Chemist: 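Handing you this structure, nothing more for now.
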Number of protein chains: 2
Amino acid sequence: MATPLLTKNQTLVMDALSHSEGPMSAYTILDKLRDHGFRAPLQVYRALDKLLEYGLVHRLESLNAFVACTCPHDHEHDHGVTAFTICEGCGQVTEFHDAAIEQRLSALTRAQNFKTEKTTIEIRGHCQSCA
Amino acid sequence: MATPLLTKNQTLVMDALSHSEGPMSAYTILDKLRDHGFRAPLQVYRALDKLLEYGLVHRLESLNAFVACTCPHDHEHDHGVTAFTICEGCGQVTEFHDAAIEQRLSALTRAQNFKTEKTTIEIRGHCQSCA
DNA sequence: GCAATTGATGTAATAACATTACATAACCAC
DNA sequence: GTGGTTATGTAATGTTATTACATCAATTGC
Ligand SMILES: [Zn+2]
Ligand SMILES: [Zn+2]
Ligand SMILES: [Zn+2]
Ligand SMILES: [Zn+2]
């Protein structure tokens with residue numbers, strides 16, 4: 001599916017995430033958007049749901065936070081497995097993709113007849129600068 | 001480090017998790033242990049912190065829940081990378097370990113000079129029975 | 001045009017998950 | 001037994017996410 005045009009709220013949330021240095025929680029996004037008329041968490045969560053669905057945003061499960069996708073591609077096709085390094089020092093998040101990991105996980109899940117719907121890979125630690 | 005003897009509260013939480021079919025949230029554990037004198041979330045979170053430290057329990061980030069470790073070994077050495085399949089249908093969680101995944105992730109993080117402290121791999125989907 | 005449907009939005013209330021702060025008790029070393 | 005450390009009890013608060021219900025806008029079918 002091609003990404004549809006974003007609504008006003010979706011655009012506001014997307015812009016907030018795109019211009020952010022690092023990941024933001026839903027409530028942090030809410031605070032950033034109060035000047036633009038946001039009043040309640042649900043406005044953020046609803047926009048995030050769509051942006052996640054379109055593949056424009058990723059959720060970091062270990063942080064309860066969200067980041068804009070940094071893939072070069074146009075989001076018209078599936079991401080496959082997305083992985084992240086997350087620096088505990090500076091908060092920097094780096095998204096990466098690796099076919100070898102994907103194939104290996106696929107082989108392992110196939111072996112237990114498990115049907116994968118979503119894969120989370122998050123690596124917490126320290127980046128080069130913060131080591 | 002050898003696993004020290006567990007305190008009363010740690011034992012209660014460990015037993016609750018061990019005897020559970022699937023993962024439990026901290027508040028679910030609290031409810032199960034009210035008859036044994038538990039009154040507040042902190043009693044659960046403190047016990048969980050230690051059990052996580054000892055490697056007897058794992059936290060599932062994508063569920064905000066906890067499971068007893070199912071590794072055969074005696075927990076006297078490091079787990080390495082732990083991965084989970086999580087069935088959305090029946091809640092079944094399967095823990096597994098794979099050297100190939102571990103080595104590949106290690107190579108990828110080394111390439112970005114990232115120092116890994118904790119790796120989360122969680123695969124959501126449907127098990128054979130629930131497919 | 002106008003009813004019916006669908007998707008998006010606004011608002012309030014509540015639920016679910018986790019931590020801070022402070023006091024007390026148990027344990028161990030000396 | 002004094003002092004240091006770890007474990008515990010309790011209350012309050014902070015953070016994250018959802019439910020429920022009303023309203024509004026765009027689209028469709030007639
Ligand atoms: Zn991406
Ligand atoms: Zn850093
Ligand atoms: Zn384990
Ligand atoms: Zn299942």
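Since the model is a prediction, treat every value here as computed from it, not as a measurement. Numbered from 1 within each chain, the chains take letters A, B, ... in sequence-line order.
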Chemist: Rounding to an integer number of Å, can you tell me how far Leu6(B) CG sits from dT8(D) C1'?
Modeler: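 Whole-Å distance recorded here is 16 Å.
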Chemist: dT6(D) C1' sits how many Å from Glu53(B) CD, rounded?
Modeler: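 To the nearest whole Å, that distance equals 12 Å.
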Chemist: Hey, are Glu61(B) and Thr120(B) close enough side-chain-wise for a donor-acceptor pair under 3.5 Å?
Modeler: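 Note: Thr120(B) and Glu61(B) side chains miss the donor-acceptor criterion.
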Chemist: Using whole Å, report how far CZ of Phe38(B) lies from P of dT10(D).
Modeler: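 Whole-Å distance recorded here is 12 Å.
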Chemist: From CG of Leu12(B) over to P of dT8(D), roughly how many Å is that when rounded to an integer?
Modeler: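 In whole Å, dT8(D) P and Leu12(B) CG are 10 Å from each other.
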Chemist: Send over the distance from Asn9(B) CG to dT6(D) P, rounded to a whole Å.
Modeler: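 Asn9(B) atom CG is separated from dT6(D) atom P by 17 Å.
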Chemist: One pair to check against side chain to side chain contact (heavy atoms under 4.5 Å, CB included): Cys90(B) and Ser129(B). What are the steps and the verdict?
Modeler: CA-CA 9 Å; Cys90(B) 61; Ser129(B) 314; 6.0 Å; no
Chemist: When you check the side-chain N and O atoms of His19(B) and Glu21(B), is any donor under 3.5 Å from an acceptor?
Modeler: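 Not at all, the side chains of His19(B) and Glu21(B) share no donor-acceptor pair under 3.5 Å.
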Chemist: Starting at atom CG of Leu33(A), determine the distance to atom C1' of dG10(C), rounded to an integer number of angstrom.
Modeler: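 My rounded result for the distance is 15 Å.
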Chemist: Counting N and O atoms only, with roles assigned by atom type, does the side chain of Gln112(B) sit under 3.5 Å from a partner on the main chain of Thr109(B), one being a donor and the other an acceptor?
Modeler: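 No, the answer is negative, given that no donor and acceptor are paired below the 3.5 Å cut-off.
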Chemist: With rounding to the nearest 0.5 Å, note down the distance linking CG in Leu105(B) to OG1 in Thr119(B).
Modeler: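 Reported value, rounded in 0.5 Å steps: 6.0 Å.
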Chemist: Rounded to whole Å, how long is the line connecting atom CZ of Arg39(B) with atom C1' of dT8(D)?
Modeler: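 After rounding, the reported distance stands at 14 Å.
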Chemist: Stepwise, does the side chain to side chain contact (heavy atoms under 4.5 Å, CB included) test hold for Leu6(B) with Leu56(B)?
Modeler: CA-CA 11 Å; Leu6(B) 299 183; Leu56(B) 298 175; 4.1 Å; yes
Chemist: Classify the side chain of Arg46(B) and the base of dG9(D) as holding, or not holding, a donor-acceptor pair under 3.5 Å.
Modeler: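 Side chain to base: pair present.
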Chemist: Compute whether any side-chain donor of one residue and acceptor of the other, for Glu95(B) and His97(B), lie under 3.5 angstrom apart.
Modeler: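 Yes.
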Chemist: Does dT9(C) have its OP1 or OP2 closer than 4.0 Å to a side-chain nitrogen or oxygen of Gln43(A)?
Modeler: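 For dT9(C), neither OP1 nor OP2 has a side-chain N or O of Gln43(A) closer than 4.0 Å.
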Chemist: I want to verify a distance call: between dA8(C), dT8(D), dT11(C), whose nearest atom is closest to the Thr7(B) side chain?
Modeler: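 Nearest to the side-chain atoms of Thr7(B), counting from C-beta on, is dT8(D).
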Chemist: Test of understanding: clusters of I, L, V, M, F, W, Y form through side-chain heavy atoms closer than 4.5 Å, transitively. Do Ile86(B) and Val67(B) belong to the same one?
Modeler: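 Yes, Ile86(B) and Val67(B) fall within the same hydrophobic cluster.
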Chemist: For the helix from dG1(C)-dC30(D) to dC30(C)-dG1(D), what is the angle between the axes at its two ends, each from 5 pairs, rounded to 10°?
Modeler: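 The helix from dG1(C)-dC30(D) to dC30(C)-dG1(D) shows an end-to-end axis angle of 30°.
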Chemist: Return no unless some side-chain N or O of Lys50(B) is found under 4.0 Å from OP1 or OP2 of dT6(D).
Modeler: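 Indeed not, no polar side-chain atom of Lys50(B) lies that close.
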Chemist: Can you confirm whether or not the ring centre of Phe66(B) sits under 6.0 Å from the ring centre of His58(B)?
Modeler: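 Phe66(B) vs His58(B): aromatic centres not under 6.0 Å.
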Chemist: Give me the distances for all protein-to-nucleotides 13-19 of chain D N/O pairs that come in under 3.5 Å?
Modeler:
from	atom 1	to	atom 2	distance (Å)
dA17(D)	OP1	Arg59(A)	NH1	2.9
dA17(D)	OP1	Arg59(A)	NH2	2.5
dA17(D)	OP2	Tyr45(A)	OH	2.9
dA17(D)	O5'	Tyr45(A)	OH	3.3
dA17(D)	N7	Tyr27(A)	OH	2.6
dA17(D)	N6	Tyr27(A)	OH	3.1

